[in-house]
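By convention here, the first residue in the shown sequence is residue 1.
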Amino acid sequence: MSDVRFDGKTVIVTGAGGALGRTYSLMFASRGANVVVNDLGGSTQGEGASKSAADKVVEEIQTAGGTAVASYDSVTEMDNAQKIVQTALDTFGGVHALVNNAGILRDKSFAKMSEQDWDMVHKVHLRGAFCMTKAVWEHFREQSYGRVVNTSSAAGLYGNFGQANYSAAKMGLVGFGQTLALEGVKYDIKSNIVAPIARSRMTEELLPPEVLKMIEPETVAPLVGYLCSEECQESGQVFEVGAGRVFHVKLHRGAGFKSGAENGVASLEEIRDNWSKIMDLSELTAVNSLQESTMGFIQ
Ligand code: NAI
């Protein structure tokens, strides 16, 4: 079989100066893509800015013989997003894939979380992905081709103490990515979601060295590369990825409980008395769409 290649394709990677984004960018460039290396270059908490984060990665790509251009704008504003996409168009004449990867943390227990901690995290992850995707969407539709990868997190999929803001934004990206998949069908736009685990400044102080050495960003990049390739026909799916493993994640529901009341209005006691049936997950059904979800109620 031939290699997965990106010759003639342009990929925008946001947060590309960081651990995962840098690795994605190097991987895309090594396989022939033109890469827009976007990074604001701030702290993990989203403070400050520096051109050096993106510049360093562009330099690395160019030294290795690849093609890349730096972009330093924050993804949180629509004007910036359009500017980033324009950089792709002006420099490389097109845009074919977008990896929404930029991210920050403002970890605090919910009791201590300020409105700003909530807003900032949502702004970068969720609004950033919205602005960037909005800016490429028309191009993708016009050329009937596009690939989008949104970055979620296990903290979003399962919740995590001290990350109410981040978890909510990361689960928001799942819904966003799944809906884009449906709206992209007609235009060969594939949209998938990854929840990575990787060594980065976000995880370096949280995980022990023996785990960190298993989860180099290079163990995440191949899936993101494949999802952005022309060969990938998958869309609307969620994957956990890292340490050489890829898990397909899908919501399922149990057999459930149906009230004996003719009008469907159970008593509170009926709910209480059937609690074990409601919670029973021994018979699982995958739910692939809102329609399948609805059918489960009315069948
Ligand atoms: P990182 O901190 O090394 O990379 C994030 C990059 O995003 C940084 O270089 C930062 O400057 C950039 N960035 C932040 N705000 C930006 C903005 N407004 N505009 C443009 N760039 C901006 O961290 P890492 O681990 O590489 O994270 C990449 C993505 O993966 C993030 O979305 C993160 O939430 C997600 N993630 C990472 C996990 C891990 O285990 N490392 C786990 C789950 C999710």
**Request:** For atom CD of Glu59, decide whether the heavy atoms of other residues, nucleotides or ligands shown that lie under 6.0 angstrom number more than 12.
**Result:** no
**Message:** One pair to check against side-chain contact (heavy atoms from CB on, under 4.5 Å): Val249 and Phe239. What are the steps and the verdict?
**Reply:** CA-CA 6 Å; Val249 179; Phe239 302 95; over 6 Å; no
**Prompt:** What's the spacing between Glu47 CD and Met120 CE if we round to 0.5 Å?
**Reply:** 7.5 Å
**Complete:** On a heavy-atom basis, the closest approach of Ser25 and Val57 is CB-CG1, 4.0 Å
**Request:** Taking all non-hydrogen atoms of both residues into account, name the closest pair between Cys131 and Thr76 and its distance.
**Result:** SG-O, 3.8 Å
**Request:** State whether the number of non-hydrogen atoms from other residues, nucleotides or ligands found under 6.0 Å of Lys56 atom NZ is greater than 12.
**Result:** no
**Tyr145 side-chain N/O to Glu230 backbone N/O, donor-acceptor pair under 3.5 Å** = yes
**Prompt:** For Met214, does the CE atom have more than 12 heavy-atom neighbours from other residues, nucleotides or ligands under 6.0 Å away?
**Reply:** no
**Message:** A side-chain contact here means heavy atoms from C-beta on lying under 4.5 Å apart; do Gln237 and Lys250 qualify?
**Reply:** yes
**Prompt:** Any ion pair linking Glu269 and Arg272 (charged N to carboxylate O, less than 4.0 Å)?
**Reply:** no
**Fill in**
Sorted by chain and residue number, the side-chain hydrogen bond (donor to acceptor under 3.5 Å, both in side chains) partners of Glu60 (sequence neighbours excluded) come out as Arg22
**Fill in**
Here the pair of heavy atoms bringing Ala243 nearest to Ile215 is CB-CG2, 3.9 Å
**Message:** Would you say that Ser71 contacts Val37 through its side chain, given a criterion of any heavy-atom pair below 4.5 Å between the two side chains?
**Reply:** no
**Message:** Given 3.5 Å as the limit, does a donor-acceptor pair link the side chain of Thr23 with the main chain of Ala221, or not?
**Reply:** no
**Prompt:** Can Val149 be reached from Val246 by stepping across I, L, V, M, F, W or Y side chains whose heavy atoms are under 4.5 Å apart?
**Reply:** yes
**Asked** Are more than 12 heavy atoms from other residues, nucleotides or ligands located less than 6.0 Å from atom CG of Leu182?
**Response** yes
**Prompt:** Is Lys190 paired with Glu234 through a side-chain N to carboxylate O contact shorter than 4.0 Å?
**Reply:** no
**Message:** Any non-hydrogen side-chain atom of Thr87 less than 4.5 Å from a side-chain atom of Asn38?
**Reply:** no
**Request:** Could you go through the side-chain contact (heavy atoms from CB on, under 4.5 Å) check for Asn100 and Thr133 one step at a time?
**Result:** CA-CA 8 Å; Asn100 285 316; Thr133 311; 3.0 Å; yes
**Item:** Basic-acidic side-chain contact under 4.0 Å: Arg245, Glu240
**Value:** no
**Request:** Specify the closest pair of heavy atoms between Ile61 and Ala29, including all atoms of both residues, with the distance to one decimal.
**Result:** CG2-CB, 3.4 Å
**Request:** Would you check if Val224 and Val99 make a side-chain contact, meaning some heavy-atom pair closer than 4.5 Å?
**Result:** yes
**Complete:** Contacts satisfying salt bridge (Lys or Arg N to Asp or Glu O under 4.0 Å) that involve residues 279-299 (not counting sequence neighbours) are none
**Item:** Cluster overlap Met202 with Ile197, hydrophobic side-chain contacts below 4.5 Å
**Value:** no
**Request:** Find the distance between CG (Asn150) and CG (Asn192) and round it off to the nearest 0.5 Å.
**Result:** 9.5 Å
**Item:** Qualifying residue for side-chain hydrogen bond (donor to acceptor under 3.5 Å, both in side chains) with Asp107, from Gln45, Gln163, Lys112
**Value:** Gln163
**Asked** Mind checking whether Val238 and Tyr158 sit in one hydrophobic cluster, side chains of I, L, V, M, F, W, Y counted as touching below 4.5 Å?
**Response** yes
**Item:** Close side-chain approach of Trp118 and Met113, heavy atoms under 4.5 Å
**Value:** yes
**Polar side-chain atom of His122 near backbone of Arg127 as donor-acceptor pair, under 3.5 Å** = no
**Spacing of CZ belonging to Arg201 relative to OG belonging to Ser43, to within rounding of 0.5 Å** = 6.5 Å
**Asked** For Leu268, does the CG atom have more than 12 heavy-atom neighbours from other residues, nucleotides or ligands under 6.0 Å away?
**Response** no
**Asked** Closest approach of His125 and Gly103, non-hydrogen atoms and distance?
**Response** CE1-CA, 3.3 Å
**Request:** Let me see the working for Lys258 and Glu270 under salt bridge (charged side-chain N to carboxylate O under 4.0 Å, His left out), right down to the final yes or no.
**Result:** CA-CA 10 Å; Lys258 187 172 179 214; Glu270 199 184 354; over 6 Å; no
**Item:** Verify same cluster id: Phe257, Met279 (apolar side-chain graph, 4.5 Å)
**Value:** yes
**Message:** To the closest 0.5 Å, what do you measure between CG (Asp73) and CD (Gln82)?
**Reply:** 11.5 Å
**Message:** Test side-chain contact (heavy atoms from CB on, under 4.5 Å) on Leu20 and Ser200; report intermediate values, then the result.
**Reply:** CA-CA 7 Å; Leu20 283 164; Ser200 79; 5.8 Å; no
**Request:** Treating Ile, Leu, Val, Met, Phe, Trp and Tyr as nodes and any side-chain heavy-atom pair under 4.5 angstrom as an edge, say whether Val4 and Val11 lie in one connected cluster.
**Result:** yes
**Asked** Hey, mind stepping through Lys170 and Thr151 against side-chain contact (heavy atoms from CB on, under 4.5 Å) and telling me if it holds?
**Response** CA-CA 7 Å; Lys170 287 307 205 188; Thr151 309; 4.0 Å; yes
**Complete:** Separation between CG (Asn160) and OG (Ser167), nearest 0.5 Å, reads 6.0 Å
**Item:** Ionic contact status for Arg5 with Asp7, cut-off 4.0 Å
**Value:** yes
**Request:** Quick one: closest heavy-atom pair of Arg31 and Asp3, and the distance?
**Result:** NH1-CB, 4.2 Å
**Message:** Measuring only between side-chain heavy atoms, which start at C-beta, is Ile278 closer than 4.5 Å to Ile271?
**Reply:** yes
**Item:** Pairwise distance OG(Ser30) to CZ(Phe6) - rounded to 0.5 angstrom
**Value:** 9.0 Å
**Asked** Between the side chains of Ser114 and Asp117, is a donor N or O closer than 3.5 angstrom to an acceptor N or O?
**Response** yes
**Request:** Using a 4.5 Å cut-off on heavy atoms from C-beta on, say whether the side chain of Leu40 contacts that of Tyr72.
**Result:** no
**Asked** Given a cutoff of under 4.5 Å between side-chain heavy atoms of I, L, V, M, F, W and Y, with clusters grown through shared members, what are the other residues clustered with Leu89?
**Response** Ile12, Val36, Val69, Val75, Ile84, Val85, Phe92, Val95, Leu98, Leu126, Met132, Val136, Trp137, Phe140, Val148, Leu173, Phe176, Leu180, Tyr187, Ile189
**Pair Arg141-Glu138, salt bridge (charged side-chain N to carboxylate O under 4.0 Å, His left out): steps then yes or no** = CA-CA 5 Å; Arg141 275 166 51 110; Glu138 237 6 83; 3.6 Å; yes
**Message:** With heavy-atom distances below 4.5 Å as the criterion, would you say the side chains of Asn34 and Thr91 are in contact?
**Reply:** no
**Request:** Considering only NZ, NE, NH1 and NH2 on the basic side and carboxylate oxygens on the acidic side, decide whether Arg147 and Asp188 come within less than 4.0 Å.
**Result:** yes
